[in-house]
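Step one of this worksheet: look at the structure below.
Just so you know, ligand 1 is whichever comes first in the structure, and atom 1 is the first atom listed for that ligand.
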Amino acid sequence: MSRKRLLILGGYGNTGRLLAELLLKYSDARLILAGRSLEKAEAVALALNGKDKNPRVTPLRLDAADPFTLRQAFKGVDMVVVASSTARYTENIASEALKVGIDYFDVVFSNNKSLILKKFEERIKKTGLCFITDGGFHPGLPGVMVRHLGAEFDHMHTARVGSVIQIDWKSFDLSETTAIEMVEEFRSIDMKSFRNGRWVKPGLKGPEYIRMDFGAPFYRRSCVSMYLEEMGKLPTIFPDLVDTGFYVGSFNWFVDYVVMMLLFPILWLFPKLGVKPMSRLMVWGLNTFTKPPFGTLLRCEASGVKSDHPLSLALTLSHPDGYYFTAAPAAACLLQYLDGSIRKPGLHTQAILTKPHRLIKDLKKMGIEIKLETSH
Ligand SMILES: NC(=O)c1ccc[n+]([C@@H]2O[C@H](COP(=O)([O-])OP(=O)(O)OC[C@H]3O[C@@H](n4cnc5c(N)ncnc54)[C@H](OP(=O)(O)O)[C@@H]3O)[C@@H](O)[C@H]2O)c1
């Protein structure tokens, strides 16, 4: 079988570069690193190829805003991997991938992106292509963790996933496009969670907060509900489930309370003009007020019944580097795609399509710390 060629859009960004490194290490795929700067793509490709006699990485200048150049670039490629802050160009990327007949994967967190991809769902199926969306850490891992633990129960009743995202933002070059995309996405976050067997939207009191104990050095923290497409599928997969949801951790007091409180009224009053100043305030707040200890962590707490006895399990995945924690699950998912074991026609999410036990095993191999606690 010939080696697959993947085009990574945003291949020299924070996530894209780490993803490329992992794919070079754990697969034999050939990679094209693309973005709007040929200079940056060349520098990263050169570093990744090193002294390799058969270089596997090629740089490419490519702008997702331009459908024609996307089409040219997609010819001769098996899959486009979207690791770029290009949610607004999802229509371009998906429709050109469909025209050329290549598969698709993304790590983009965007409700708008999901709506656009759903529009293409029937065409994706008809053309026999495999589109995998919501790759990475969150979205991407919470659903995998619940599925992984779910196999241990005869009946799983509850499964909540909480997160800690305490990143040393100053050490990364968070681009303006990415910051703008983050601010635009905050507007469309859905905050429903699954309570007593039904999805509940936040009431007048606002979104639902839970407290979860993440252990040292983060201990007990508040997290707020955030609906992810992958969590929506879980009650169908586990019919005994009555309580589930994903709960995102805080950034820091300034971003949580000052930026978020200003964001909604400002973007309501100035939907276009407000985005840039709010994204600058957010980046300043992230850089200034996020303090150590740094780390990124996901914890799934599940309870239910096994052999007529109550059982509680907690699975914690963590890594000090939030971008590595994004790239590693994406790479682990792509390993399953590259060997053909999960490739099937249709629009899928990483969390529901992948084989959870293998994904967790591969994450461990890639250096993600994994801890399982059991209590009967
Ligand atoms: N699922 C998860 O767990 C998770 C976690 C973190 C981030 N993400 C997502 O990952 C994406 C990338 O985030 P990041 O922090 O890695 O961003 P980043 O470091 O700022 O990199 C963004 C990349 O996208 C490229 N890009 C931007 N606009 C482009 C365009 N029009 N055409 C082609 N390339 C373009 C940039 O290059 P140029 O600007 O030079 O073109 C850069 O290479 C974001 O959508 C973010 O939401 C997901």
Looking only at protein heavy atoms, which one is nearest to atom 34 (N) of ligand 1, and how far off is it?
Gly35 CA, 3.8 Å

Within less than 4.0 angstrom of ligand 1, does Phe325 place any heavy atom?
no

List, by chain and then residue number, the residues other than Phe214 in its hydrophobic cluster (Ile/Leu/Val/Met/Phe/Trp/Tyr, side-chain heavy atoms under 4.5 Å); write none if there are no others.
Val164, Ile210, Met212, Phe218, Tyr247, Leu297

How does Tyr323 reach ligand 1, by side chain, by backbone, by both or by neither, if only non-hydrogen atoms under 4.0 Å count?
side chain

Check this for me - ligand 1, Asn14, N or O atoms closer than 3.5 angstrom, yes or no?
yes

Other residues, nucleotides and ligands only: do more than 12 of their heavy atoms fall within 6.0 Å of CG on Asp52?
yes

Taking the six-membered ring for Trp, are the ring centroids of Tyr323 and Phe172 within less than 6.0 Å of each other?
yes

Return the residue, atom name and 0.1 Å-rounded distance of the protein heavy atom closest to atom 8 (N) of ligand 1.
Val107 O, 3.5 Å

For atom 26 (N) of ligand 1, closest protein heavy-atom neighbour:
Ser84 CB, 3.9 Å

With the threshold set strictly below 4.0 angstrom, can you tell me whether any protein non-hydrogen atom sits that near atom 36 (C) of ligand 1?
no

Write out the residue and atom name of the closest protein heavy atom to atom 17 (O) of ligand 1, then the distance separating them to 0.1 Å.
Thr178 OG1, 3.2 Å

Main-chain N/O of Arg30 paired to Arg3 side chain as donor or acceptor, under 3.5 Å:
no

Does only the side chain of Asp134 get under 4.0 Å from ligand 1, or the backbone, or both, or neither? Count heavy atoms.
neither

If hydrophobic residues (ILVMFWY) are linked whenever their side-chain heavy atoms come closer than 4.5 Å, directly or via other members, who joins Phe68 in its cluster?
none

Tell me which protein heavy atom sits closest to atom 40 (O) of ligand 1, plus the residue, atom name and distance to 0.1 Å.
Tyr12 OH, 2.5 Å

In terms of residue, atom name and distance, what is the protein heavy atom nearest to atom 39 (O) of ligand 1?
Arg36 NH2, 2.8 Å

Taking the non-hydrogen atoms of Gly16, is any one of them nearer than 4.0 angstrom to ligand 1?
no

Within the structure, does Ala64 bring an N/O atom to less than 3.5 angstrom of an N/O atom in ligand 1?
yes

Please check whether Ala83 reaches ligand 1 - meaning an N/O of the residue sits under 3.5 Å from an N/O of the ligand, judged on distance alone.
no

Proximal candidate to atom 22 (C) of ligand 1 [heavy atom criterion; set Gly10, Ser85, Ala179]
Ser85

Report yes if some N/O of His138 lies less than 3.5 Å from some N/O of ligand 1; otherwise report no.
yes

shortest atom 47 (O) of ligand 1-to-protein heavy-atom contact is with Glu181 OE2, 3.6 Å

Ligand 1 versus Thr15, non-hydrogen atoms closer than 4.0 Å: side chain, backbone, both, neither?
both

In this structure, does ligand 1 have an atom that sits under 4.0 Å from one of the heavy atoms of Gly135?
yes

Give me the residue, atom name and distance of the protein heavy atom closest to atom 31 (N) of ligand 1.
Asp63 OD1, 3.0 Å

Would the distance check show the side chain of Arg56 and the main-chain N or O of Ala29 forming a donor-acceptor pair, the cut-off being under 3.5 Å?
yes

Looking at ligand 1, is there an atom of it that comes within less than 4.0 Å of some heavy atom belonging to Phe172?
no

For ligand 1, is any non-hydrogen atom under 4.0 Å from Thr326's backbone (N, CA, C, O), its side chain (CB onward), both, or neither?
side chain

